[in-house]
Amino acid sequence: MAQPEDLLFSKEHEWVKLDGDTATIGITDYAQNALGDIVYVELPKVGATIKQFSPVGVIESVKAVSDLFTPLSGEVLAINDALENDPAAVNREPYGGGWLLKLRVADPNEAKTLLPPADYEKIATE
Amino acid sequence: MRRTPLYDEHVTAGARLVPFAGFEMPVAYAGILREHDAVRHRAGLFDLSHMGQFYLTGDRVAEWADTLTINAVGTMKPLQARYNVFCNEAGGAHDDTIFYRLDGRWLLVVNAANADKMWSHLNAHKPSGVALANEHGRRALIAIQGPLSVEILQPHVDVDLASMRYYFAAEGRAGGFPAVIARTGYTGEDGFELFVDGGYAPKLWRELLRAGASAGLEACGLGARDVLRLEAGMPLYGHELTEEITPVQAGLSWALKLAKPEFIGRAALAAQRDRDDYSRIVGLVMEGRVPAREGYPVLLDGRRVGEIRSGSIAPSAGNRNVATALVAPEAATDGTALAVTIRGASHAARVVPLPFYKRAK
């Protein structure tokens, strides 16, 4: 799957959609495919302050537990509560209904450390 | 890393391959949950050629094997299959296996990870008059499992499958090739296991997948197999059975035949069973949505009483998270409220009888 053009990406296979100082974050199609069937997602609490590239949650597939890293620092504005009952949404719609959390971005400069779609595509297809 | 005769088939199908017991094995094809669903409702095809196949011949095989195993070998009927466990002197499990009494020979199927250890064990105890042949990695094993197994497989074999009893076998042909065809499996569903020469396996695999596709047959990996066996309450060596965990602890006392006068581990197992004071494998259902995983601590009233040995989401048990745990006897009664420590937090669990899933007859 080609990467959506309006997103930025981390090397840890997260995507970011920036809208002013709000960032929506999820994992990429490559990541969900590599993890396999996702059965549980543990997200940070709303109001928590999280730091770029640090582990902020957990994504569990049938076989494995993986850390979730945040691609940007900020304050958690919202988490995707629907994943509690339907974690498989991350598999079905990694760039849509399977989003994970929204942040108020602490430092706009951090976005410069993220990858544009074409650069991420190279990593994901290596 | 070794490869099974079906390796190229897995690569072509785009399976996700992982190292397992020294072999590059498919963990999933289309996805673990989809493959699980195929086996429960239609049928799945598994490459189990990594498992060890030893062929035993000689008049004294049964008499000898009875001295190494907890279950009875000598009482097996022609073409019968039987689950059996080899133990060490302390009663710990050396391996859990299936014996097949074939025409003039015996087939012993051992766990892939234990194949070298078991080959040494058998040879170290082998009397004169018994011959052993190690076909590990050369003979293939293809399993078809699921309610449509008879219907899908029948046109490809020359034996009548509907009349074959559970845990019995036949020697015939599959896809035109000589095969041992057994009504055995490790999923909790009806199904068959086909033992064929490795050279024949790719053609047979392709033929079955092609012919079964319209009925919903899917290639399945070890990921689905692990979920299926856990739901069915079947032990997996290295988890519910180890050199330290005895078959009595694993709830396999039904297979312990103390009427046999002597076998390795007999005294230890008999004493353990009588004392009834041992940690044992129980089934757990998690109350919440967080999966329990191997190694997580299990607590009773805040005190550690054991640990998780296997855990998974169980689509055939209400989509709950289920697990097996090795726990102290006071924590083993059905209905007991326990807690599992997951990433530092306590999560409620309840002891339930095994299996988690039983198919409707």
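Note that the structure is predicted; figures quoted are calculated from it, not measured. Numbered from 1 within each chain, the chains take letters A, B, ... in sequence-line order.
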> I'd like to verify something: which residue of B/Asn319, B/Val227, B/Ile32, B/Ile313 has the highest number of heavy-atom pairs under 4.5 Å with chain A?
B/Ile32

> Mark yes when over 12 heavy atoms from residues, nucleotides or ligands other than A/Asp19 sit less than 6.0 Å from its CG; otherwise mark no.
no

> Given a strict heavy-atom distance threshold of 4.5 Å, which part of A/Glu84 is in contact with chain B: side chain, backbone, both, or neither?
both

> Go through the atoms of B/Arg16 and report whether side chain, backbone, both or neither lie under 4.5 Å from a heavy atom of chain A.
side chain

> What are the two closest heavy atoms between A/Tyr40 and B/Arg289, and how far apart are they?
CD1-O, 3.3 Å

> After noting the C-alpha distance and the side-chain angles of B/Arg34 and A/Asp37, does the key distance pass the side-chain contact (heavy atoms from CB on, under 4.5 Å) rule?
CA-CA 9 Å; B/Arg34 174 172 157 171; A/Asp37 296 309; 5.9 Å; no

> In residues 47-64 of chain A, which residues are in contact with chain B at a heavy-atom separation under 4.5 Å?
A/Val58, A/Glu60, A/Ser61, A/Val62, A/Lys63, A/Ala64

> At a heavy-atom separation under 4.5 Å, does B/Asp226 approach chain A through its side chain, its backbone, both, or neither?
side chain

> Verify the neighbour count for atom CZ of A/Arg104: are there more than 12 heavy atoms of other residues, nucleotides or ligands below 6.0 Å?
no

> With only heavy atoms counted, which part of A/Ala34 is less than 4.5 Å from chain B, the side chain, the backbone, both or neither?
backbone

